[in-house]
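What follows is one structure encoded as C-alpha cells, with my remarks underneath.
Because the structure is a prediction, the values reported are computed rather than measured.
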Amino acid sequence: MDLILENNAYHYELEKLCRLFYPEEPIRVMEDGTLPPNPAPLTAVARVEKTGNSVQLKASLSEGKAVLRAERAYEPGLFGDQNPERQLAELLYGLLVQKTGFTPRWGILTGIRPVKMLHSLIDRWGQDKALQIFMDAYHVSRQKTRLALLTLHKESSILAQKKPNGFSLYIGIPFCPSRCAYCSFVSMSVEKTMQLIPDYVTCLCREIRAAGRVAKGLGLVLQAVYMGGGTPTTLSAEQMDAVLAAVQDSFDLSACREVTVEAGRPDTVTPEKLRGLRRRGVTRISINPQTMQEKVLQAIGRRHTVQQVLDAFAMAREAEFDNINMDLIAGLPLDTPETFADTVDRVCALGPESITVHTLALKRASRIFQQGEQRASGAMVAQMLDYAGQKLLSGGWQPYYLYRQTRILGGLENVGFAKPGFEDFYNTVIMDESQTILACGAGAGSKICAPDGRLTRVYNFKYPYEYITRHKEILERKEKVEQIYETFAHT
Ligand code: SF4
C-alpha cells in the first residue's frame with residue numbers, strides 16, 4: 001500500500017491508521033506528495049489545502065479505477081484539536097472502513113495506551129464530555145469506552161498507592177525452554193545457550209547489587225519487584241535463589257508490596273523451585289497456559305501439555321501461592337471462538353487471582369508472521385475477547401491495566417483482569433509510565449521518571465552474550481542513573 005501525504009507531516013499517525021486495516025501489508029509513505037514510479041495496487045492520499053484563511057482536508061483511497069473520496073473544512077479547536085491531524089485521520093478512517101467493511105473497536109485511536117488518552121480527556125473536559133469525545137471524535141465503540149473507563153477507575157486507585165520516592169525493580173531472565181511461534185522476544189532457547197546461564201546469573205547478581213547501591217544512595221523506596229523474561233523458571237532452583245538473595249541483600253523490602261516471578265512455561269515449574277520462591281518472599285507468580293487446547297499448544301511450539309498447566313497450578317497452590325496470574329492469548333493458530341471460550345471457562349474454573357487476556361500481535365520476527373501461518377480474523381478475535389470480558393466480569397475479575405501493540409489482530413487490546421486486592425502494582429505503573437523502574441538483565445531498560453513526569457531511558461545490551469562480556473559498561477550505566485537524578489535536582 002502507498003500512503004501519500006500532501007502538505008502535512010502526519011506520517012506517524014496516518015501510517016498507523018492504515019496499518020490497523022492492513023496489518024500485514026508493507027506500507028510505503030511518500031511525504032512529499034508524489035506518486036512513486038512503481039505504485040502499489042492500493043493508494044491512500046491525505047491532503048491539506050490552504051486557501052486564504054480556510055483549510056480544506058481531503059482524503060482518497062484508490063485501487064485501480066475504483067476511487068473513494070472525502071473532504072471537509074478543518075475546524076480549529078473542534079474537540080480541542082490544535083492542528084488538522086485528528087480530523088484528517090477521521091476522514092481517511094471513514095474511507096478505510098468503507099473500503100474494508102471493518103470498523104475497528106478503538107476507532108481512530110492507534111496509540112498503545114488508550115486509557116491514558118481517556119484520562120487526559122477527562123482531566124481536560126470532565127468525565128461526561130470526555131466519554132462523548134472518545135466515542136464521537138475518536139470513534140471508540142461504546143463497549144471499549146466502558147472497558148477503558150472501568151480500567152481507568154481501577155488503575156487510578158492502584159496508582160494512588162505510589163510513594164513520592166517510590167520505584168519498582170525489574171529483573172530480566174531472557175531464556176526459554178523453546179521458542180513460541182508468536183514470539184519475537186530476544187529470548188535464548190536453553191538448548192542453545194545453556195552454558196551462558198551460570199555467567200549470566202553471576203553478572204545479574206552484580207548488577208542487582210549495583211542497582212541496590214544506587215537506590216540506597218538516592219533514598220528511593222522499593223515498592224514492587226518483577227522478575228520476567230523470557231521464562232525466569234528456566235533457571236535452576238539454586239540460580240533463582242541466588243538472584244532473589246541478591247535482591248534481599250541489596251534492597252530494603254519493608255515497603256515492597258509485591259514480588260512477582262513469571263513461571264510462564266508450566267514445563268519449567270517444579271515443587272522445589274516453587275518452595276524456593278516462597279522462602280525468598282515471592283508473593284505472586286504467573287503460570288501461562290496461553291490456551292487450554294492441545295492442538296493449539298502444539299501449533300505454537302509451547303512443548304507442554306494442558307495437563308502440565310493443571311499440574312503446575314496445583315503445585316503452586318500446594319506451595320501456598322495465594323496470588324496466581326494466568327495469561328491467555330486470543331487469535332492463536334487453529335483456535336476458534338468456541339475453543340477459546342472453552343479455554344476461558346477452564347482457566348476461570350481453576351480460580352486464579354488474576355487473568356491476563358492478550359490478543360495475538362503479528363510480530364515481524366515471529367514464526368507466525370514469517371511463515372504466514374493461518375490465524376483467526378479480527379472479527380473472530382473480537383468475538384473471543386467479548387466472551388472473555390463477559391465471563392471474567394461476571395466472575396468478579398475486574399480490568400485494571402490495558403494496552404495495545406503494533407499489528408495486534410483486529411486493532412484490539414491486552415487486558416489484565418484481577419480479583420479485588422490482587423491487582424499487580426508493577427504492571428500498572430509500567431503502563432502509566434509515572435514511576436521509576438530500575439531494570440537489571442539483558443534487554444532490560446530502566447525508566448527514570450522526573451518529578452515533572454519526563455522519562456529518561458537507560459538501556460542494557462540486548463543479548464546475554466554481550467551482557468556478560470561487556471558487563472563493566474552495564475555497571476557504569478547504573479551509575480548514570482544517579483547522574484540523571486542529579487540533573488532533576490538542578491532543573
Ligand atoms: S515463553 Fe514468552 S518469551 Fe519465551 S519464547 Fe514463549 S513467548 Fe517468547
Side-chain angles (χ1 to χ4, degrees), residues 1-114 116-117 120-121 133-134 136-140 361-364 369 378 404-412:
M1 176 179 191
D2 289 331
L3 170 62
I4 297 171
L5 306 180
E6 288 185 41
N7 291 328
N8 69 85
Y10 306 135
H11 177 153
Y12 185 69
E13 197 53 37
L14 297 180
E15 183 187 358
K16 285 204 293 177
L17 184 66
C18 292
R19 198 169 299 293
L20 271 183
F21 292 84
Y22 298 97
E24 296 180 53
E25 278 211 22
I27 298 175
R28 199 165 42 170
V29 185
M30 314 301 288
E31 289 188 86
D32 56 2
T34 56
L35 253 183
N38 52 340
L42 181 64
T43 302
V45 179
R47 178 183 305 151
V48 175
E49 277 181 13
K50 291 186 183 136
T51 335
N53 286 335
S54 71
V55 176
Q56 196 67 14
L57 309 179
K58 296 185 176 178
S60 67
L61 201 55
S62 51
E63 191 169 28
K65 291 202 169 98
V67 185
L68 297 170
R69 291 180 206 282
E71 66 175 272
R72 64 186 281 177
Y74 167 52
E75 293 179 61
L78 179 68
F79 298 119
D81 290 343
Q82 289 173 356
N83 61 50
E85 185 176 28
R86 188 197 60 80
Q87 292 175 37
L88 190 58
E90 209 178 10
L91 211 56
L92 183 58
Y93 171 83
L95 298 182
L96 288 162
V97 169
Q98 210 180 321
K99 168 97 185 137
T100 59
F102 166 60
T103 305
R105 302 234 180 142
W106 290 99
I108 64 170
L109 287 187
T110 56
I112 62 169
R113 293 182 176 82
K116 209 169 180 180
M117 170 82 179
S120 60
L121 288 174
I133 292 174
F134 215 49
D136 295 349
Y138 291 95
H139 302 269
V140 180
L362 297 172
K363 294 172 187 158
R364 281 184 171 281
F369 185 88
R404 300 165 75 206
Q405 287 167 285
T406 314
R407 293 194 175 84
I408 196 163
L409 288 183
L412 291 157

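- For CD of Glu24, the number of neighbouring non-hydrogen atoms (other residues, nucleotides, ligands) closer than 6.0 Å is greater than 12.
- Taking 4.5 Å as the limit, some side-chain heavy atom of Met1 sits within range of a side-chain heavy atom of Leu61.
- Leu14 places a side-chain heavy atom less than 4.5 Å from the side chain of Asn8.
- Between Trp106 and Phe134, the angle of the ring planes goes over 60°, which puts this pair in the perpendicular group of the 30/60° scheme.
- A salt bridge does not link Glu71 with Arg69: none of the charged nitrogens is closer than 4.0 Å to a carboxylate oxygen.
- Annotation: side chain of Glu13 is in contact with side chain of Thr110 (closest heavy-atom distance under 4.5 Å).
- Put simply, the side chain of Gln405 never gets that close to the backbone of Ala361: no donor and acceptor are under 3.5 Å apart.
- Within the 3.5 Å criterion, the main-chain N or O of Ala137 finds a donor-acceptor partner in the side chain of Arg86.
- By the side chain to side chain donor-acceptor pair (under 3.5 Å) test, Arg28 pairs with Asp2, Asn38, sequence neighbours left out.
- Of the listed residues (Val140, Leu121, Leu78), just one forms a side chain to side chain contact (heavy atoms under 4.5 Å, CB included) with Ile133, and that residue is Leu121.
- In this structure a side-chain-to-backbone donor-acceptor pair under 3.5 Å is present from Tyr74 to Asn83.
- Taking Phe102 as the reference, Phe21 meet the ring pair (Phe, Tyr, Trp, His ring centres under 6.0 Å) condition, with sequence neighbours excluded.
- A search for salt bridge (Lys or Arg N to Asp or Glu O under 4.0 Å) contacts involving Arg404 returns nothing, not counting sequence neighbours.
- Annotation for Ala73 and Gln87: closest pair O-OE1, 4.0 Å, computed over non-hydrogen atoms.
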